[in-house]
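To keep things clear, I will list the structure first and then write my remarks on it.
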Amino acid sequence: MSSSDDNVALSLRNGDMDQDEDMPLSQISSKSTDTTSVDGNSIESKKLGKKRKASTPTNDKAKKVKRAKNTIKSESDDEDIPLASTTTPPKKTPKKKTESAIAKPENGTKKVKSAKKNGVKKVDAIKKENEAKTEKESSSTREDEEEEEEEKYKWWEAEDVDGEQKWESLEHNGVIFPPEYEPLPSHVKLHYDGKPVDLPLEAEEVAGFFGAMMETDHAKNPTFQKNFFEDFCKVLKDAGGCNVNIIDFHKMDFSKMHAHFEMLRDQKKLLSKDEKKAIKAEKDKFEEPYKTCLLNGHKEQVGNFRIEPPGLFRGRGAHPKTGKLKRRVMPEDVTLNLSEGCKIPEPPQGHKWAEVRHDNTVSWLAMWKENIADSFKYVRFAANSSIKGLSDFKKFETSRKLRYHIDEIRKDYTKMLKDPLMQNRQMATACYLIDIFALRAGGEKGEDEADTVGCCSLRYEHITLKPPNKVIFDFLGKDSIRFYQEVEVDKQVFKNLRIFKKPPKQPGDDLFDRISPPLLNKQFQNYMKGLTAKVFRTYNASKTMQDQLDLIPNEGTVAEKVVKFNAANRTVAILCNHQRTVSKTHGSSVQKIHDKLKELEWQKIRAKKMILQLEPGLKRKDPEYFEELDDLSKEDTEHIHRAVIERTREAARKRFQRENDKLKIEDKPLLTEKDLQERMEKVNELEKEYAEELKTGKPQIKKSITVEKLKSQVETLTNRIVNTTFQLKDKEDNSEVSLGTSKMNYIDPRLTVMFSKKYNVPIEKLFTKTLRDKFNWAIESADENWKF
DNA sequence: CCAGTGACTTAGCAGCGAAGTG
DNA sequence: CACTTCGCTGCTAAGTCACTGG
């Protein structure tokens with residue numbers, strides 16, 4: 001935000017503060033019709049009694065009656081609940097100030113024009129804005145550079161003013177539809193109960209979807225199977241059925257289909273480099289027109305210009321609809337959005353569009369309705385477009401503005417944790433959880449969706465309380481990612497959570513039964529325009545990153561600094577609970593690195609032993625250098641020997657095979673079994689040598705070796721050991737943390753740019769190409785002094 | 001008022017080419 | 001050079017939140 005805007009915000013805010021200190025959060029109590037006090041005698045909330053699967057089957061009605069009393073009287077340690085518990089909370093004059101009052105003065109009509117400005121000018125605008133920070137008060141200075149000043153304001157305030165309008169003109173070439181279904185060759189069939197099935201094409205396609213996924217976890221999921229089978233049978237029936245009566249999923253055999261797809265894949269892989277290149281070139285040429293569009297006369301990338309192909313819905317977690325058929329989207333389903341009067345893209349031969357719209361209040365280019373959840377899918381601009389950039393910029397500016405209000409907000413909710421009104425306590429407690437543990441808002445979800453929760457939808461069974469103040473969170477959040485944390489909380493928060501869990505509440509019941517995300521957000525708006533629950537995540541993520549970066553000393557190599565940057569990034573990712581599934585190979589690859597480390601260690605020790613054999617006197621000269629000679633146990637050494645031998649053998653065999661393959665192609669005489677034997681004999685000799693070495697503890701020495709050579713070997717090995725150790729630690733630390741999501745969505749990119757410039761780390765080491773494009777505005781605008 | 005709708009951001013993962021390794 | 005591992009990108013599911021209209 002601009003300096004002057006911040007000023008206004010500050011002064012207004014302070015003025016307000018004098019009138020009513022901690023109004024916003026408590027304001028709700030005076031307005032609310034639900035005057036249930038924390039200590040009981042309230043009407044039952046509608047939310048109570050809503051049950052999920054986790055709850056034990058009980059009579060809901062009976063429970064509702066029981067739960068009607070939400071008293072805190074039996075809370076033994078609740079001595080600091082206000083005495084006024086039976087009265088309505090102290091009313092305060094409703095606060096009139098809103099954020100809009102702050103924003104309004106800035107909103108001149110001239111800013112509307114700014115929406116037309118292109119990206120380059122906008123970037124300049126940000127730069128100017130930063131420079132202007134030092135000139136906050138000086139209005140005359142501002143007028144001096146009015147021309148440019150105007151532009152800079154326009155950039156980021158344009159949409160505040162004219163939030164309605166997203167574009168002046170928009171022209172594009174429509175969308176790409178997936179290729180038509182290609183029937184399988186006649187010998188590739190589904191089998192049922194051992195017999196080949198003649199499927200109509202429509203059904204064959206659906207069966208093929210499953211066949212292609214046979215080896216995935218989805219295909220083993222009973223819900224997936226059930227949903228797939230239902231939809232498959234329906235498609236089959238609608239297409240006229242087939243020669244076999246298919247009634248049992250488990251009698252379906254997709255293996256022929258699966259093998260066929262595998263074969264196609266292998267075939268594709270085997271194509272020569274040039275062939276692959278040619279195919280790609282053709283594809284690129286075909287897609288070219290769809291990749292870009294004209295926004296206000298400027299060329300911009302389109303994001304997802306391909307219509308999603310049909311397939312089986314892969315829901316995440318325990319999604320009730322997983323495996324259902326995602327039907328093919330036809331042009332008749334697709335609505336286009338573009339400027340009035342511009343050329344309308346031709347629909348595919350013999351088809352027509354569902355609708356052509358000219359709505360410049362939205363930023364999508366095309367839209368269709370999907371058949372799984374009946375929701376919309378959009379074709380949108382790419383992340384590097386000005387539209388997305390602007391909204392990203394605004395997102396970060398909003399979250400950045402939160403720093404002016406966060407102290408007050410925290411003070412208010414801390415105070416309100418003790419409010420006698422149940423709703424207010426829930427409100428305050430939710431604010432605390434969202435702020436401190438970066439929980440999501442947690443809206444309501446339907447029966448036909450995966451059972452995941454956020455703050456407001458947390459249920460009884462999702463938290464465990466361990467006095468005096470420990471809370472264990474254990475629930476599935478967005479994408480069914482597990483949120484598990486054992487934490488210590490504010491004492492009053494602990495008490496409140498205990499109250500929210502008090503009988504008659506039981507598993508299946510909402511903890512926060514008197515609040516909802518909209519209610520929460522309404523409160524947040526009183527502090528700051530645009531403040532919602534999700535802003536806290538962005539704010540706290542970026543704030544954490546800033547703090548972590550500030551701790552990094554400006555020294556060392558680029559690689560070291562990158563490692564430290566990533567560590568800071570990781571702190572944020574952990575805060576936001578951004579996880580990734582540990583790869584199937586993780587365990588073995590960690591083991592591999594361990595083994596490698598051991599082996600390096602062994603090599604190093606071995607080299608040192610050789611040094612001593614050549615020059616025994618060295619041990620007295622530098623005992624430290626030879627300290628580790630006995631670090632490896634005999635068993636370990638033997639184990640390593642065996643591994644090395646085995647690997648050598650394997651390599652010899654493979655090499656033999658490879659050479660023979662080559663000779664075969666060249667039509668030359670092949671190596672014989674005897675050649676192989678000879679090579680193996682060499683390995684056997686090495687094996688004997690090692691066995692001997694194990695007995696004597698003395699490695700054999702080659703004639704050509706010298707102490708100098710060995711010392712340099714040791715040094716190389718030491719370096720490799722250090723590097724590998726770091727690599728291992730990084731791998732383990734990162735195995736289940738995903739850094740990408742926070743870098744892309746939560747950490748203000750200007751922080752990364754600041755780090756890059758201040759620490760002389762090339763931005764390429766911190767942002768991938770795509771992120772550099774997406775955050776170009778930040779790269780061009782932030783300098784080494786930028787602060788979140 | 002509030003449930004439903006619509007539009008947007010946030011999210012993890014598959015697949016693939018690039019880079020690293022022996 | 002062959003093989004493995006890494007890291008990026010594209011894909012699309014799953015959230016949030018504002019708005020609408022009965």
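Reminder, nothing fancy here: chain letters follow the sequence lines and each chain counts from 1. Atom set for the values below is all heavy atoms of this structure, side chains included, hydrogens, waters and symmetry mates excluded.
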(request) Check every atom of dG12(B), dC8(C), dA13(C) against the side chain of T768(A) and return the nucleotide holding the closest atom. (result) dC8(C)
Give the minimum heavy-atom separation between [X] and [Y], together with the two atoms involved.
X: A450(A); Y: P320(A); result: N-CD, 3.7 Å
X: F524(A); Y: T532(A); result: CD1-C, 3.9 Å
X: Q485(A); Y: F437(A); result: OE1-CD2, 4.0 Å
X: T452(A); Y: S480(A); result: CG2-OG, 3.5 Å

Between the protein and nucleotides 15-22 of chain B, which nitrogen or oxygen pairs are less than 3.5 angstrom apart?
from    : atom 1 : to      : atom 2 : distance (Å)
dG22(B) : OP1    : K596(A) : NZ     : 3.4

Phosphate-side-chain proximity, [X] and [N], N/O vs OP1/OP2 below 4.0 Å:
X: H586(A); N: dT5(C); value: no
X: T452(A); N: dA14(C); value: no
X: N521(A); N: dC17(C); value: yes

(request) Measure the distance from CZ on R580(A) to C1' on dG7(C) and round it to the nearest whole Å. (result) 10 Å
(request) Please report, rounded to the nearest Å, how far the C1' atom of dC17(C) is from the CD atom of E444(A). (result) 15 Å
(request) By nearest nucleotide on DNA chain C, pick out whichever of N304(A) and K769(A) is the more 5' one. (result) K769(A)
(request) With DNA chain C as reference, determine whether E764(A) or P309(A) sits nearer its 5' end, using the nearest nucleotide of each. (result) E764(A)
Between N or O atoms, less than 3.5 Å apart, protein on one side and nucleotides 6-11 of chain B on the other: list the pairs.
from    : atom 1 : to      : atom 2 : distance (Å)
dA7(B)  : OP2    : Y378(A) : OH     : 2.8
dA7(B)  : O5'    : Y378(A) : OH     : 3.4
dC8(B)  : OP1    : K166(A) : NZ     : 2.8
dC8(B)  : OP1    : S363(A) : N      : 3.4
dC8(B)  : OP2    : S363(A) : N      : 3.2
dC8(B)  : OP2    : S363(A) : OG     : 3.2
dC8(B)  : O5'    : S363(A) : OG     : 3.4
dT9(B)  : OP1    : S391(A) : OG     : 2.6
dT9(B)  : O3'    : K534(A) : NZ     : 3.4
dT9(B)  : O4     : R380(A) : NH1    : 3.4
dT10(B) : OP1    : K534(A) : NZ     : 3.3
dT10(B) : OP2    : K395(A) : NZ     : 2.6
dT10(B) : O3'    : Y746(A) : OH     : 3.0
dT10(B) : O2     : K478(A) : NZ     : 2.6
dA11(B) : OP1    : R440(A) : NE     : 3.4
dA11(B) : OP1    : R440(A) : NH2    : 2.6
dA11(B) : OP1    : R537(A) : NH2    : 2.7
dA11(B) : OP1    : Y746(A) : OH     : 2.9
dA11(B) : OP2    : H578(A) : NE2    : 3.0
dA11(B) : OP2    : Y746(A) : OH     : 2.9
dA11(B) : O4'    : K478(A) : NZ     : 3.4

(request) Might you work through the side-chain contact (heavy atoms from CB on, under 4.5 Å) test for H319(A) and F313(A), ending with a clear yes or no? (result) CA-CA 10 Å; H319(A) 198 298; F313(A) 173 67; 3.8 Å; yes
(message) What I want to check is whether the side chains of E370(A) and S375(A) have a donor and an acceptor closer together than 3.5 Å.
(response) yes
Can you check nucleotides 19-22 of chain C for protein contacts, nitrogen or oxygen pairs under 3.5 Å, and list what you find?
none

